[in-house]
Q: 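I'd like to ask you about the structure that follows.
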Protein chains: 2
Amino acid sequence: MGPKERKVREKEQRRDDIISAGEKLFLKKGFPGTTMDEIARECELSKGTLYLYFSSKDELFFTIVLTAMTVMYNLMRDSQEGLKEPVDRIRAIGSAYLNFYDRHPEYFRILSRIMDNEFDLNGENYEIGIRIQQMNSEVWRLMTGIISDGIKEGIFRDDTDPAEICISLYASASMIIQLMDHTKRNHGNMKKMSSGAKADPFADSFFSSLDFRKTLNSCGERIIYSILVNKPDLSHT
Amino acid sequence: MGPKERKVREKEQRRDDIISAGEKLFLKKGFPGTTMDEIARECELSKGTLYLYFSSKDELFFTIVLTAMTVMYNLMRDSQEGLKEPVDRIRAIGSAYLNFYDRHPEYFRILSRIMDNEFDLNGENYEIGIRIQQMNSEVWRLMTGIISDGIKEGIFRDDTDPAEICISLYASASMIIQLMDHTKRNHGNMKKMSSGAKADPFADSFFSSLDFRKTLNSCGERIIYSILVNKPDLSHT
DNA sequence: TGACTTTATGACCAACAGTCATTATACATA
DNA sequence: TATGTATAATGACTGTTGGTCATAAAGTCA
């Protein structure tokens, strides 16, 4: 491999260095809390160089969003390996989603956050925005595909809409895990802060005594057995 | 009423003026897209004066978040008037939520956004944060109360957890309306932009052909009839 | 009127995203 | 090796913005 290839590799290495530094800081300090100067210092490059590889702070951030979404998708896709029964496959998606939160809580958090469209994704950011949306569609395709298969096989009721069920499942799981995460972080803070007067007001104390993991499981089982499967099995507790 | 009272009223008037100006701009241009100088110009006060009434841009924004949440809560609460049957009451909550979106889409959008905890709510912002959380708890209390009543009356199954059902209902409705909103806004943009190349990448095109209002209704009915009511009525189409 | 309190102002500051003229490096050719 | 050229890196600089504060204005009371 000649010097041409080495240069390409070096450029890719630089890019990866910037992404790594950005990810480390964005995940720790959030988007507004991280400055481009800090990222430049972290990866030992000048700020100007950052802008040779990324057109804006937004674009760098969205590159990490894409990574997060890809990690989630891969966990979900891999969870299907060797499974045939639609019920098992849906359960596996749920487990993979919780697994994603347990292994990458920071990724989970930024994905919960990008629904808001506070970011301007025009011009330079267009490319990465499209890729994020494509990955997002892959996630939905994976989920709706399982439901469609189940309906075709006659295991799920044919009067259910796969999109509707998927939205309901994903939205419910997402909110339960978010509530769990907020509550957990809030309790952590309460311990740290002696006064206890500075809790995160968005950590919903209304559900603070809820067993979130049990609720998540129960919620999924209910939707599967009460709504999805053809002959509702009323005997499940 | 003496000059003391007049002064108090004038101060409240100033405060309301600032809130009105802030609301107008925040709802139109978003939080990062709005500057304190603009708000000051809009309400014909100096920037310094704004900081006599609000400790930070965040606090002013959260004041508007509280308004939005209160409007939503009031619509939900008022929808209960004259209703007795738990099933009707749950349906009314869903209708009120959709009504909230139809009448105040900008309020709906900022409420969808505050789940993210990108904001620092320490120090000065503590007071307003607490009030937002209290209002949030009121919403949950209203919803879980209906389910609990239904269970007590024997209309809903007693092996359901009110919290779990409410989270599922609210999360599902919230996501369906958000997808509808994104899709609608995106189509609006597509028309405006001749090139069509600058669509919002987070507007999920995967669901662009979905009839969101029908889905929202169907989703609620399914959860109510398949999960909640004591003897599942399988005859509903 | 004059002393004193409350309210309002906008020039100012620090922090930040993003730019660009300048410098450094790599490479090709003689 | 010397020289020209293309590419990559730099950091001082700019414009914008959230937030501050010394000063000024307005209101109040004796």
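Every chain is numbered from 1, with letters handed out A, B, ... down the list of sequences.
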Q: Rounded to whole angstroms, how far apart are CE on Met36(B) and P on dT20(D)?
A: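 Distance check: Met36(B) CE to dT20(D) P gives 10 Å.
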Q: Nearest 0.5 Å, what's the CZ-CD distance between Arg141(A) and Gln134(A)?
A: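 Separation between the atoms: 9.0 Å.
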Q: Does OP1 or OP2 of dA8(C) have a side-chain N or O of Tyr51(B) closer than 4.0 Å?
A: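 No.
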Q: Categorize Thr35(B) for me: base, sugar-phosphate, or nothing, with a 4.0 angstrom heavy-atom threshold over every strand shown.
A: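 Counting heavy atoms under 4.0 Å across all strands, the contact made by Thr35(B) is with sugar-phosphate only.
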Q: Output the single nucleotide from dT7(C), dG19(D), dA9(D) whose closest atom is nearest the side chain of Lys11(B).
A: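 Of the candidates, dT7(C) comes closest.
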Q: Report the distance from atom CG of Leu45(A) to atom P of dT23(C), rounded to the nearest whole Å.
A: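 To the nearest whole Å, that distance equals 21 Å.
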Q: So, for Leu169(A) and Gly220(A), which heavy atoms are closest and what is the spacing to 0.1 Å?
A: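 Answer, listing the atom of Leu169(A) first, then Gly220(A): CD2-CA, 4.3 Å.
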Q: What closest approach, in Å, do Phe31(B) and Lys57(B) show between heavy atoms, and which atom pair accounts for it?
A: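 That would be O-NZ, 2.8 Å.
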Q: Expressed in angstrom and rounded to an integer, what is the separation of Ile39(A) atom CD1 from dA17(C) atom C1'?
A: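 Answer to the nearest Å: 11 Å.
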Q: May I ask you to evaluate whether Ser46(B) reaches the phosphate of dT9(C), defined as a side-chain N or O under 4.0 Å from OP1 or OP2?
A: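 Yes, because at least one side-chain N or O of Ser46(B) sits under 4.0 Å from OP1 or OP2 of dT9(C).
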Q: Distance check needed: dA11(C) P versus Asp37(B) CG, whole Å only.
A: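 Between P of dA11(C) and CG of Asp37(B): 11 Å.
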Q: Output the rounded distance in Å from CG (Leu52(B)) to P (dT5(C)).
A: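 So the two atoms are 18 Å apart, to the nearest Å.
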Q: If we ignore hydrogens and angles and just use 3.5 Å, is the side chain of Thr34(A) paired with the main-chain N or O of Leu25(A) as donor and acceptor?
A: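 Yes; judged by distance alone, with no hydrogens or angles, the pair exists.
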Q: Hey, which sits more toward the 5' end of DNA chain C by its nearest nucleotide, Thr49(A) or Arg14(B)?
A: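 Whichever sits nearer the 5' end wins; that is Arg14(B).
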Q: For a quick check of understanding: with a heavy-atom distance under 4.0 Å over all strands, which category does Phe54(A) fall into, base, sugar-phosphate or nothing?
A: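 Contact class for Phe54(A): none.
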Q: Whole Å only: how far is the CD atom of Gln13(A) from the P atom of dA9(D)?
A: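 Distance, rounded to whole Å: 12 Å.
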Q: Looking at dG19(D), I'd like to know if its phosphate oxygens (OP1 or OP2) sit under 4.0 Å from a side-chain N or O belonging to Lys57(B).
A: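 Answer no for this pair, as no side-chain N or O of Lys57(B) is under 4.0 Å from OP1 or OP2.
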Q: Among Val71(A), Asn74(A), Ile177(A), exactly one meets side chain to side chain contact (heavy atoms under 4.5 Å, CB included) together with Phe100(A). Which residue is that?
A: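 Between Phe100(A) and the candidates, side chain to side chain contact (heavy atoms under 4.5 Å, CB included) is satisfied uniquely by Val71(A).
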Q: Which nucleotide, dG18(D), dA8(C), dA8(D), lies nearest any side-chain atom of Tyr53(B)?
A: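 Given the options dG18(D), dA8(C), dA8(D), the side chain of Tyr53(B) is closest to dA8(C).
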Q: With distance as the sole criterion, do the side chain of Lys47(A) and the base of dG18(C) form a donor-acceptor contact below 3.5 Å?
A: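 Counting by modelled atom types and ignoring angles, a donor-acceptor contact under 3.5 Å is found here.
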Q: Could you give the CD-to-P distance, from Glu59(B) to dG18(D), as a whole number of Å?
A: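 Answer to the nearest Å: 15 Å.
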Q: Find the distance Leu50(B):CG to dG10(C):P and express it as a whole number of Å.
A: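 Rounding to the nearest Å, CG of Leu50(B) and P of dG10(C) are 13 Å apart.
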